[in-house]
Each structure stands twice: as structure tokens, then as C-alpha cells.
Protein chains: 2
Amino acid sequence: MFSKSCEYAIRAAIYISAESSKEKKAGIADICDHIEAPRHFTAKILQILTRNKIVSSQKGVNGGFYLTKEQNTKPLSDIVSATDGNVLFNGCGLGLKECSEEEPCPLHEKFGVIRAEIKRMMEESSIESMAKKLKKGNGFLRAEVF
Amino acid sequence: MFSKSCEYAIRAAIYISAESSKEKKAGIADICDHIEAPRHFTAKILQILTRNKIVSSQKGVNGGFYLTKEQNTKPLSDIVSATDGNVLFNGCGLGLKECSEEEPCPLHEKFGVIRAEIKRMMEESSIESMAKKLKKGNGFLRAEVF
DNA sequence: ATAATAAAAGACAATTGTGTCTTTTATTAA
DNA sequence: TTAATAAAAGACACAATTGTCTTTTATTAT
């Protein structure tokens, strides 16, 4: 469904949000530990998110990634668009460039419904609402090590 | 959502079904013309489908691909499983290996609903029902050239 | 000012997905 | 039985995605 980049991006953003609520900035090493993601690759992805103003970052001592109040309210759909583009939200299920109401693919109608629901799900899920689940202990971003 | 392989596979299967209903076997060149897909790549994908008994093939003169009555009733989900595996139908939206009811990712519940609907959509759509739309002229597998 | 820190950026490597071309095998019409 | 046909199979080639490593830049505590 989503690319690896997107999966890491969402998980990282949620973790950063949770840490931000504790007034902490999160460093890459810390983030990757907690979401079980490859370090340098995730660093790149976070650069995309900062360029798109989805997360904030600060260099230097005591620096790291964090979210402003406004950024916290952003929907996961923004992360998907930034990493994977909008094909998932707009594209044809069978990959046809010219698929439309006038010239639909055989799956057009059914797929349209699904696509709209995916979009709605991601638009309705804010980063902070996801982080909230983490903090309440009924949400995980990696397998727990006991 | 689906891989290119899967998109071509579904489109090819639907076209073969439509031709089959006219008691015709479809050759690769013909198939690729009608679904706008790369020839040799599609040939490979059709090998996967025949190995999985989703389509039938016959070599030699007057040979080609066709569907038996039973194969015609198969759901598109079979094609997805054959080409892309079952990650889309079973996997975690955020790519967590260990995501479960007990240890869910923050998107678990919402994504579960979507995933089930995708699965249902593909299980409820038979190859022949898709081919029917083609034949009725309200379904296309490529941009029409006028 | 300096050293330590941490993100940004760039170069590169490995893997997977996609696509092309050629040879082989099976089938059938003649 | 032979020639023509069409799928199967195998060897590559190219591109995109994913992942690693190193260097640079900005920030801040001292």
C-alpha cells in the first residue's frame, strides 16, 4: 500500500510527536531505535518531511526533530503525499492513465469507493491523535522487547 | 496499490476472458495491443498466471491464452495473490511485522477496516464480471484511439 | 573563539521491480 | 514428417527503491 519510505515517515512522525509532547526533541538515532528503521535512510526521509514543513528540526547541541502545535494537527495524508505522491489518492486501480468516468476501467466504480475511504482515513488521522495512542500504551511503533 | 505486474495481470486476464467468450484464444501480441502493456514482460506475468491455473494456455498453431468456465469465475483477488502475495490483504499498514490485536500500530483499527474492504472488493469481482463490462462497452483496458 | 553536537547533503552500493531480446519446447496444420 | 506457430524459459539491461557511509553545515554550550 505505502512505500517503505512512507511507512518509516509516518512512524517517525508519530514518535516525534509523542516526544514533542514531553517537550523533548528527538534525535535520529533515538527515533530509529524506537521505530525499528534504518538510520541513514530514515534521516533522508526526515529531510523530506522538514522540507515539506511537516516536522521541524534544529541542528546542533540539544537539537533534533520536533513538531509545533500546528504541525501536530496535520493529517497522515500529508505525509503520504510528501513521500509517495498522490497516485494512491487519485490514480486508477488498474494503472490506466486515461481512466475516467467517461472511459472507466472495469474496476473503476468499486475502486473509487475504496480510494475515497483510504483518503478519508488518512485525512482524518492527525499525527497527534496517533501519538496519543502511543502514550496511552495501546499503540506501538515497533515490536516490544521484553 | 498494486504492482505493475499485478495491473498488467488483471488487465490481461480480463481481456482473455472477453476473447474466450467469443471462443477465441488470445495471443500475447494481441493481448498487449489491447491492454497497452509491454510484450515480453506481460508474457512472463502470464506464465505466472498459467502456473497458478488462473489462465490456461496452449502452444503451437492456433494456440494462445484462454479461460475455462471455472477459471472465468475466479476472483481478482487470486490474481493479486499470485503476483503480489498477500501482504496487501493481511499486512500492517505501517509495515510492522509484529502488528496484532495485542500489540497494534496506531493505525491498526482503521486500517483493518480498509484492508477488509479491499479484500472483499477483489474477492467479489470475478474475471468474467469484469469482462462483461468490457463487452457491454462501459469498461476499457486502455485509452481508446479515435 | 572553540569544541561538541546533530541535522543536511552527497556519493555510493545493494536489491527489487520493470522491461527487452533470444533460444527452446510443444503443438498442429499441411 | 515437416514447417509454421505460439507459449515457455532464460539471459540480460535498465530504473527505481531501499539502504549505507562520509563529509559539510549550522547551532549552542563552554
Side-chain angles (χ1 to χ4, degrees), chain A residues 1-13 15-16 19-20 24-33 35-67 80 82-85 87-88 94-95 97, chain B residues 1-13 15-16 19-20 24-33 35-67 80 82-85 87-88 94-95 97:
Chain A
M1 176 86 91
F2 306 121
S3 68
K4 280 285 157 201
S5 296
C6 184
E7 290 173 359
Y8 296 147
I10 293 175
R11 275 151 58 191
Y15 178 74
I16 294 168
E19 290 298 293
S20 264
K24 277 196 217 163
K25 293 189 190 98
I28 296 231
D30 180 43
I31 294 168
C32 291
D33 275 359
I35 69 171
E36 225 160 24
R39 167 146 185 191
H40 299 284
F41 187 51
T42 305
K44 292 239 147 124
I45 296 163
L46 282 174
Q47 284 175 32
I48 296 173
L49 295 191
T50 53
R51 259 182 248 128
N52 283 275
K53 313 241 190 274
I54 293 165
V55 313
S56 302
S57 70
Q58 183 160 25
K59 287 183 177 181
V61 180
N62 294 325
F65 296 91
Y66 64 98
L67 294 188
V80 177
T83 54
D84 292 355
V87 184
L88 181 63
L94 300 187
K97 277 221 146 196
Chain B
M1 176 86 91
F2 306 120
S3 68
K4 279 286 158 201
S5 295
C6 184
E7 290 173 359
Y8 295 147
I10 293 175
R11 274 151 59 191
Y15 178 73
I16 294 167
E19 289 299 292
S20 265
K24 276 197 220 162
K25 292 189 190 99
I28 296 232
D30 180 44
I31 293 168
C32 292
D33 275 359
I35 69 171
E36 225 158 27
R39 170 150 182 188
H40 297 284
F41 187 52
T42 304
K44 292 241 146 119
I45 295 162
L46 283 173
Q47 284 176 34
I48 296 173
L49 295 190
T50 52
R51 258 181 248 129
N52 283 275
K53 312 242 190 275
I54 293 166
V55 313
S56 302
S57 69
Q58 183 160 25
K59 287 184 178 180
V61 181
N62 293 325
F65 296 92
Y66 64 98
L67 295 186
V80 177
T83 54
D84 292 355
V87 184
L88 180 64
L94 301 187
K97 276 221 148 195

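Residue numbering restarts at 1 for every chain, and letters A, B, ... go by the order of the sequence lines.
The side chain of Val61(A) has dT28(D) as its nearest neighbour among dT20(C), dT27(C), dT28(D). Residue Ile28(A) places its side chain closer to dA7(C) than to any other of dA11(C), dG19(D), dA7(C).
If you take CZ of Phe41(B) and P of dG19(C), they are 5 Å apart, rounded to a whole angstrom. Between the P atom of dG10(C) and the CD1 atom of Ile48(A) lies a distance of 14 Å, rounded to the nearest Å. Between the OH atom of Tyr66(A) and the P atom of dA7(C) there is a distance of 12 Å, given to the nearest Å. Summarising the geometry, the separation between CD1 on Ile35(B) and C1' on dG19(C) is reported as 14 Å, rounded to the nearest angstrom. With rounding to whole Å, Asn52(A) atom CG is found 13 Å from dA8(C) atom P. Atoms CD1 (Ile45(B)) and C1' (dT18(C)) sit 9 Å apart, rounded to a whole Å. Protein atom CZ of Arg39(B) is 12 Å distant from nucleotide atom P of dT22(C), rounded to whole Å. Rounded to an integer number of Å, the gap from NZ of Lys25(A) to P of dT27(D) is 12 Å.
Within the 4.0 angstrom heavy-atom criterion, no nucleotide atom of any strand lies near Leu46(B). Here Ala26(A) lies in heavy-atom contact (under 4.0 Å) with sugar-phosphate atoms only.
OP1 or OP2 of dA9(D) sits under 4.0 Å from a side-chain N or O of Gln47(B). Between Gln58(B) and dT28(C), a side-chain N or O to OP1/OP2 separation shorter than 4.0 Å is present. Listed pair Tyr8(B) / dT18(C) fails the phosphate criterion, with no side-chain N or O lying under 4.0 Å from OP1 or OP2. Checking the phosphate oxygens (OP1, OP2) of dA8(C), a side-chain nitrogen or oxygen of Thr50(A) falls inside 4.0 Å. At the phosphate of dT18(C), OP1 or OP2 sits under 4.0 Å from a side-chain N or O atom of Ser5(B). For the OP1/OP2 pair of dA6(C) and a distance below 4.0 Å, the side-chain nitrogens and oxygens of Ser57(A) include no atom meeting the criterion. Taking only side-chain nitrogens and oxygens, Arg51(B) never comes nearer than 4.0 Å to OP1 or OP2 of dA7(D).
When the nearest nucleotides of DNA chain D are assigned to Lys4(A) and Lys59(B) by heavy-atom distance, the more 5′-ward of the two goes with Lys59(B).
Using a 4.5 Å heavy-atom cutoff, the side chains of Phe2(B) and Leu88(B) are in contact. The shortest distance between side-chain heavy atoms of Leu46(B) and Tyr8(B) does not fall below 4.5 Å.
Residues satisfying the salt bridge (charged side-chain N to carboxylate O under 4.0 Å, His left out) criterion with Lys4(B), sequence neighbours excluded, are Glu7(B). With sequence neighbours left out, the salt bridge (charged side-chain N to carboxylate O under 4.0 Å, His left out) criterion links Lys53(B) to no other residue.
If you check distances only, the side chain of Lys44(B) never reaches the base of dG17(C) with a donor-acceptor pair under 3.5 Å.
The backbone N or O of Ser5(B) sits nowhere less than 3.5 Å from a side-chain atom of Thr83(B) that would complete a donor-acceptor pair.
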